[in-house]
Amino acid sequence: MLDIASIAERLDNAALNATATPQLSEPLSLEDAYAVQSASMARRYARGQRRVGIKMGFTSRAKMAQMGVDEMIWGRLTDGMMVEDGDSISFARYVHPRVEPEIAFLLKDALPGTVTLMGAAAALAGVAPALEIIDSRYENFKFSLTDVVADNSSSSSFVIGPWNDPAQSLANLGMIMEIDGQPRQIGSSAAILGNPLRSLVAAARLAEAAGEPLQAGDVIMAGGAT
Ligand code: 0L1
Ligand code: MG
């Protein structure tokens, strides 16, 4: 029988100790993988961390096609994963981190599972440039779809830039990620499903289906834009 708790403990320990773990050998369904994610995050909550929102992954058609899936994946964000804008981080905290330029949404209202693009836009308190630090806990950053879902969709840390008024068109915002002043990645918010609000609509649907509907004050990382 599948031991969800022990797989969750293995992944939680790998994240806690920043030590890579082999890919899962157990045959997980997608539902099992989300159960492992939930159990693994419950261990963080038991250590005092608080859920502050969710992250969306595989939000571009190209990435979905690459992974052979037709659905986005998601993971939970906690206050312990938040890094203040301008702060420093230690590589010792991560296994093999990578960074993705993203867009973050802040909700002023709860979002039910079925919501239109207009409804999602009306629930926003702010929109901000953001960075997601993904850090697969699997050796060599190699995983299957169910492996990565079990591993909180590789989410590790996130940084939110200044909040902006969401009453603007978000469908084609230019995005440049610089390292030491040098542009390294250039893209558009249109890479996120043509409009990052679509990712928010999907986040509302998936969060409600998991029994954890989006709440006022939640942060949603909309997915990679480059
Ligand atoms: O878009 C994402 O945040 C993808 C996360 C999972 C896949 C990966 O680790 O590359
Ligand atoms: Mg991401």
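Read the numbers this way: they start at 1 and go in the same order the structure lists the ligands and their atoms. Excluded from the calculations below are hydrogen atoms, water molecules and symmetry mates; all remaining heavy atoms, backbone and side chain alike, are included. The model shown is predicted, which means the values in this text are computed figures rather than measured ones.
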*Which of parallel (below 30°), tilted (30 to 60°) and perpendicular (above 60°) describes Y34 and W74?*
parallel

*Examine ligand 1 and decide if any of its atoms is less than 4.0 Å from a heavy atom belonging to R98.*
no

*Would you say the side chains of Q49 and D79 form a donor-acceptor pair under 3.5 Å?*
no

_Any donor-acceptor pair under 3.5 Å linking the side-chain atoms of S154 with those of Y138?_
no

*Minimum-distance atom from the Mg ion (ligand 2) among N, O or S atoms of E100*: OE1

_Taking the basic N atoms (NZ, or NE/NH1/NH2) and the acidic carboxylate oxygens, is any pair closer than 4.0 Å for R76 and E212?_
yes

*Going by distance only, is there an N or O of E102 that falls short of 3.5 Å from an N or O of ligand 1?*
no

*Relative to the heavy atoms of F143, which atoms of ligand 1 are at a distance of less than 4.0 Å?*
7 (C), 8 (C), 9 (O), 10 (O)

*Of the protein's non-hydrogen atoms, which lies at the shortest distance from atom 4 (C) of ligand 1, and what is that distance?*
K55 NZ, 4.0 Å

*Would you tell me whether S188 and N172 have side-chain atoms, one donor and one acceptor, within less than 3.5 Å of each other?*
yes

*Quick one: does ligand 1 sit under 4.0 Å from the side chain of S136, the backbone, both or neither, non-hydrogen atoms only?*
neither

*Could you tell me whether E100 and K55 make a salt bridge, using a distance below 4.0 angstrom between a side-chain N and a carboxylate O?*
no

*Identity and distance of the protein heavy atom lying nearest atom 9 (O) of ligand 1*: S154 OG, 2.7 Å

*asked:* Under a 4.0 angstrom heavy-atom cut-off, which atoms of ligand 1 come close to V148?
replied: 6 (C)

*ligand 1 atoms in contact with S153 (distance to a heavy atom under 4.0 Å)*: 5 (C), 6 (C)

*Would you say the side-chain atoms of S155 and N152 include a donor-acceptor pair closer than 3.5 Å?*
no

*Structural part of F58 in contact with ligand 1, heavy atom criterion under 4.0 angstrom*: both

*Salt bridge check: are R51 and D218 linked by an N-O gap of less than 4.0 Å?*
yes

*ligand 1 atoms in contact with E132 (distance to a heavy atom under 4.0 Å)*: 3 (O)

*asked:* Between R184 and E178, does any side-chain N to carboxylate O distance fall below 4.0 Å?
replied: no

_Atoms of ligand 1 close to F141 [distance to a heavy atom under 4.0 angstrom, numbered from 1]_ = 9 (O)

_Between the Mg ion (ligand 2) and E132, which N, O or S atom of the residue is the nearest one?_
OE1

*For the Mg ion (ligand 2), what is the closest N, O or S atom on E102?*
OE2

